[in-house]
K.L.:
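Could you have a look at this structure, given as structure tokens, before my questions?
Residue numbers run from 1 in the order of the sequence given. Numbering of ligands and ligand atoms starts at 1, following listing order. Hydrogens, waters and symmetry mates are skipped; everything else that's a heavy atom, side chains included, is used.
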Amino acid sequence: MTPAGGTRPGGGARPAPDCDALVIGAGPAGLTAALYLARYRRRVRVLHDGRSRALGAPMAWNVPGFPEGISGAELVARLAEQGERYGAIIERARVERLARIPESNLFEAVLADGGCYRVRGLILATGVVTNEAMLAEGEHDEAVRTGALRYCPICDGFEHRGRRIAVLGSDLHGAAEAMFLKQYSDDVTLIPKWRVALTSGQRAELAASDVRIEERQLLRLAHRGGRIEVVLAGVAEPLIFDTLYPALGSEPRSELLAGLGLDGDANRCLPADAFAEPLMPGVYGAGDVLAGLDQISTATGQGAAAATRLHNWLREGEGHAMADQR
Ligand SMILES: Cc1cc2nc3c(=O)[nH]c(=O)nc-3n(C[C@H](O)[C@H](O)[C@H](O)COP(=O)(O)OP(=O)(O)OC[C@H]3O[C@@H](n4cnc5c(N)ncnc54)[C@H](O)[C@@H]3O)c2cc1C
């Protein structure tokens with residue numbers, strides 16, 4: 001992958017398209033899209049600001065084809081190498097703004113350093129930002145590394161079966177995640193970040209599933225000896241959990257839509273089918289930034305599909321496509 005700051009000399013807008021396709025995002029979705037586009041013999045460039053969530057996954061055990069598991073960082077590095085082998089250019093640069101260039105069939109991507117690329121098609125694979133649990137400086141990443149702090153029960157609930165699990169969250173999202181984790185452990189406690197915001201019906205459902213609700217106010221979380229300490233108001237000894245799952249949601253990185261005159265959904269996500277149905281002619285999406293399941297395997301699948309749709313749309317413009325080629 002091109003090292004940090006590898007932007008082109010000169011900056012400034014260019015008159016002709018710099019490439020056929022610009023992929024924004026170098027996570028599993030964007031890098032898979034780039035691999036496919038490069039193998040379709042498209043001039044493809046990937047821009048990223050180094051914030052793939054996959055880089056924070058110490059080990060993923062549910063990526064098809066990796067029975068021993070693979071770290072997110074290694075997967076990203078392998079995908080980048082695979083795309084570059086076929087000519088994809090991967091560059092570290094933050095995209096500040098996208099726009100359609102009037103009276104041309106091109107899009108413009110303006111970078112944070114003032115540079116700009118003009119391209120024929122776009123794939124937005126910009127991911128989401130996780131709302132993190134508040135732990136003291138340095139403790140957060142260490143807790144993720146030891147497995148005491150996890151963010152995705154779908155990803156690794158299996159690895160925590162039989163353990164003492166806490167879910168941090170005050171609302172229905174937290175309650176649903178706690179119920180989901182009962183598949184893996186009999187010992188699940190919901191710890192509200194603020195106060196419990198559940199209806200009596202939702203409380204009854206949790207009780208029926210033997211999920212405890214902690215009613216005392218949360219004061220502090222700490223990582224000690226590979227476990228999570230939960231300090232509560234009025235309690236001398238902290239509660240100790242093997243694993244804490246914050247259920248605090250995430251923020252889609254969909255702000256680039258605005259420059260194209262587009263909006264996200266109520267949660268600011270791109271539509272779930274944006275890998276197949278263009279957001280506008282020549283613009284597709286893939287991965288976590290779409291509504292739906294945030295997983296590596298869905299991100300790679302959507303990246304492949306978006307790349308294929310974009311390639312065929314470009315071919316159509318070149319007069320080379322048949323109607324049923326997807
Ligand atoms: C701790 C943790 C563990 C996880 N474990 C697993 C697991 O075991 N299995 C699993 O399937 N999933 C796991 N996930 C989820 C997985 O990481 C995501 O589903 C996956 O990374 C989504 O890929 P993506 O390409 O859509 O987004 P990301 O990987 O987040 O990539 C987004 C890309 O967009 C770039 N970007 C965004 N905006 C801009 C901009 N304006 N300019 C330039 N670049 C931009 C970022 O720099 C980044 O390169 C885990 C997540 C976390 C946080």
K.L.:
Can Arg145 and Glu142 be counted as an ion pair, charged N to O under 4.0 angstrom?
P.N.:
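The answer is yes: the pair qualifies as a salt bridge.
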
K.L.:
Taking NZ, NE, NH1 and NH2 as the nitrogens, is one of them in Arg53 or Asp288 under 4.0 Å from a carboxylate oxygen of the other?
P.N.:
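So Arg53 pairs with Asp288 through a salt bridge.
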
K.L.:
Under 4.0 Å from any heavy atom of Arg51, which atoms of ligand 1 are there?
P.N.:
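Heavy-atom distances to Arg51 below 4.0 Å select 46 (C), 47 (O), 48 (C).
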
K.L.:
Between Leu124 and Leu257, is any pair of side-chain heavy atoms under 4.5 Å apart?
P.N.:
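Heavy-atom side-chain distance check passes, below 4.5 Å.
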
K.L.:
Geometry only, no angles: is Pro28 polar-contacting ligand 1 at N/O separations under 3.5 Å?
P.N.:
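There is such a contact, yes.
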
K.L.:
Specify the protein heavy atom at minimum distance from atom 49 (O) of ligand 1: its residue, its atom name, and the distance to 0.1 Å.
P.N.:
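Looking at atom 49 (O) of ligand 1, the protein heavy atom closest to it is Ala26 N, 2.9 Å.
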
K.L.:
Under 6.0 Å from the CE atom of Met280, do we count more than 12 heavy atoms belonging to anything else shown?
P.N.:
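Enclosed.
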
K.L.:
Is there side-chain contact between Asn105 and Arg120, with heavy atoms separated by less than 4.5 Å?
P.N.:
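No, too far: nothing below the 4.5 Å cut-off.
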
K.L.:
So which protein heavy atom does atom 46 (C) of ligand 1 come closest to, and at what separation?
P.N.:
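The answer is Asp49 OD1, 3.3 Å.
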
K.L.:
Any nitrogen or oxygen of Trp61 lying under 3.5 Å from a nitrogen or oxygen in ligand 1? Just yes or no.
P.N.:
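Looking only at distances, the answer is no, because the N/O contact criterion of under 3.5 Å is not met.
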
K.L.:
So for ligand 1, is Val63 a polar contact partner (N or O within less than 3.5 Å, distance only)?
P.N.:
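Looking only at distances, the answer is no, because the N/O contact criterion of under 3.5 Å is not met.
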
K.L.:
Work out whether the distance between some heavy atom of Ala93 and some atom of ligand 1 is less than 4.0 Å.
P.N.:
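So Ala93 counts as touching ligand 1.
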
K.L.:
Using distance alone, decide if ligand 1 has a nitrogen or oxygen within less than 3.5 Å of any nitrogen or oxygen in Gly50.
P.N.:
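Gly50 vs ligand 1: N/O contact under 3.5 Å present.
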
K.L.:
Do the ring planes of His311 and Tyr40 sit parallel (below 30°), tilted (30 to 60°) or perpendicular (above 60°)?
P.N.:
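Ring orientation of His311 relative to Tyr40: parallel.
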
K.L.:
Could an N or O of ligand 1 be found under 3.5 Å from any N or O of Pro58, whether backbone or side chain?
P.N.:
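In this structure, Pro58 places no N or O atom under 3.5 Å from an N or O of ligand 1.
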
K.L.:
Within a radius of less than 6.0 Å around CZ of Arg164, do more than 12 heavy atoms belonging to other residues, nucleotides or ligands occur?
P.N.:
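More than 12 within 6.0 Å, yes.
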
K.L.:
For atom 6 (C) of ligand 1, what's the nearest protein heavy-atom neighbour? Residue, atom name and distance, please.
P.N.:
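Result: Cys155 SG, 3.2 Å.
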
K.L.:
If you measure every N or O of Val128 against every N or O of ligand 1, does any of those distances drop under 3.5 Å?
P.N.:
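Val128 vs ligand 1: no N/O contact under 3.5 Å.
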
K.L.:
Within the 4.0 Å heavy-atom shell around Ala125, which atoms of ligand 1 are there?
P.N.:
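Listed by number with element, the hits are 32 (C), 33 (C), 34 (O).
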
K.L.:
Among all protein non-hydrogen atoms, which one is nearest to atom 26 (O) of ligand 1, and what is the separation to 0.1 Å?
P.N.:
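Checking every protein heavy atom, the shortest distance to atom 26 (O) of ligand 1 gives Asp288 N, 2.8 Å.
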
K.L.:
At a 4.0 Å threshold, what atoms of ligand 1 neighbour a non-hydrogen atom of Ala60?
P.N.:
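Listed by number with element: 7 (C), 8 (O), 9 (N).
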
K.L.:
Check each heavy atom of Asn62 against ligand 1 and say whether those closer than 4.0 Å belong to the side chain, the backbone, both or neither.
P.N.:
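Side chain only.
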
K.L.:
Using a 4.0 Å heavy-atom cut-off, say whether Ala29 meets ligand 1 through its side chain, its backbone, both or neither.
P.N.:
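Both parts.
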
K.L.:
Salt bridge (Lys or Arg N to Asp or Glu O under 4.0 Å), that's the test. Do Arg224 and Glu139 meet it? Break it down for me.
P.N.:
CA-CA 9 Å; Arg224 302 267 182 274; Glu139 278 186 34; 3.5 Å; yes

K.L.:
Quick one: does Gly72 get a heavy atom under 4.0 Å from ligand 1?
P.N.:
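Gly72: no contact with ligand 1 (<4.0 Å).
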
K.L.:
Determine whether the side chain, the backbone, both or neither of Arg53 has a heavy atom under 4.0 Å from any heavy atom of ligand 1.
P.N.:
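Both parts.
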
K.L.:
Could an N or O of ligand 1 be found under 3.5 Å from any N or O of Asp156, whether backbone or side chain?
P.N.:
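Checking ligand 1 against Asp156, no N or O pair falls under 3.5 Å apart.
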
K.L.:
Does this structure show an ion pair linking Arg42 with Glu318, if we count only N-O contacts that are shorter than 4.0 Å?
P.N.:
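Glu318 and Arg42: salt-bridged.
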
K.L.:
Out of Leu181, Ile165, Asp156, which one pairs with Arg150 under the side-chain contact (heavy atoms from CB on, under 4.5 Å) rule?
P.N.:
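The single option meeting the side-chain contact (heavy atoms from CB on, under 4.5 Å) with Arg150 is Asp156.
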
